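Values in this document were obtained by computation on a predicted structure and should not be read as measured data. Basis for what follows: all heavy atoms, side chains included, without hydrogens, waters or symmetry-related copies.
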Amino acid sequence: MRKRKLYPYAEVYALGQYISMSAHKARRVVDQIRGRSYEETLMILELMPYRACYPIFKLVYSAAANATHNKGFNPANLIILKAEVSEGATFKKLKPRARGRSYPIRRHTCHIRIVLEDLTWHGLQPARDYLNS
């Protein structure tokens, strides 16, 4: 039996498929941003030194654009609800080696899904609003 979501209209997502990196390397970055606010996530992704940060940054930015354009949400009220990385297809090719042999090359890919949620649907405000009042 499926569980029903309490506020299904407060969620927006972006999906990146066949991103050319291993899922293990992308998970290292995604684990750092899960549960954080949208603005904090962008700052973290700009400053982290990993190659996986750029495609994840683009996905978070795209999910926020979907939220503002499709649902009219304010980006200041968004948080990263879910961030999932799953393994994609592995592209295989052969590289010629010495003495007529071949060496297999495997290019790993991954699928990344970023789900944003608007806090105002729950009657909550971001933490920075509590600090200013």
Calculate, to the nearest 0.5 Å, the distance between atoms [atom1] and [atom2] belonging to [X] and [Y] respectively.
X    : Y   : atom1 : atom2 : value
I33  : I79 : CD1   : CD1   : 12.0 Å
I112 : I56 : CD1   : CD1   : 4.5 Å
R27  : E84 : CZ    : CD    : 10.5 Å
N70  : T68 : CG    : OG1   : 8.0 Å

Sequence neighbours left out, what passes side-chain contact (heavy atoms from CB on, under 4.5 Å) with [X]? Give chain and number order.
X    : answer
S20  : R107
R28  : K25, Y50
A67  : V12, F73, L78
P104 : L94, R106

Do you know which two heavy atoms are closest between [X] and [Y], and how far apart they sit?
X   : Y    : value
A64 : L116 : N-CD1, 3.4 Å
A26 : V85  : CB-CG1, 3.9 Å
A23 : C110 : CA-CB, 3.9 Å

Checklist entry - Can you list every ring pair (Phe, Tyr, Trp, His ring centres under 6.0 Å) pair that touches residues 10-38, not counting sequence neighbours? => result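 Sorted result for residues 10-38: Y18-H111.
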Checklist entry - Going by the ring pair (Phe, Tyr, Trp, His ring centres under 6.0 Å) test, which pairs reach into residues 74-109, not counting sequence neighbours? => result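 Ring pair (Phe, Tyr, Trp, His ring centres under 6.0 Å) check on residues 74-109 returns no pairs.
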Checklist entry - R36: what forms a side-chain hydrogen bond (donor to acceptor under 3.5 Å, both in side chains) with it, not counting sequence neighbours? => result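 Here the qualifying residues are E40.
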Item to check | Counterpart residues, side-chain hydrogen bond (donor to acceptor under 3.5 Å, both in side chains), relative to D31 (two or more places apart) | outcome: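 R34.
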Checklist entry - Would the number of heavy atoms belonging to other residues, nucleotides or ligands and lying under 6.0 Å from CD of Q17 be above 12? => result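 For Q17, atom CD is crowded (more than 12 foreign heavy atoms under 6.0 Å).
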Item to check | Enclosure of Y61 OH (heavy-atom neighbours >12, cutoff 6.0 Å) | outcome: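 No, not enclosed.
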Checklist entry - Can M21 be reached from F57 by stepping across I, L, V, M, F, W or Y side chains whose heavy atoms are under 4.5 Å apart? => result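 Same hydrophobic cluster.
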Next on the checklist: Test: salt bridge (charged side-chain N to carboxylate O under 4.0 Å, His left out). Region: residues 42-62. Which pairs qualify, not counting sequence neighbours?
Outcome noted: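 Sorted result for residues 42-62: empty, none.
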Checklist entry - Which pairs, with at least one residue in residues 90-105 and sequence neighbours excluded, count as a salt bridge (charged side-chain N to carboxylate O under 4.0 Å, His left out)? => result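 Qualifying pairs, neighbours excluded: none.
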Checklist entry - Can you tell which of L59, T41, L81, L15 makes a side-chain contact (heavy atoms from CB on, under 4.5 Å) with I114? => result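 When side-chain contact (heavy atoms from CB on, under 4.5 Å) is applied between I114 and each of L59, T41, L81, L15, only L59 qualifies.
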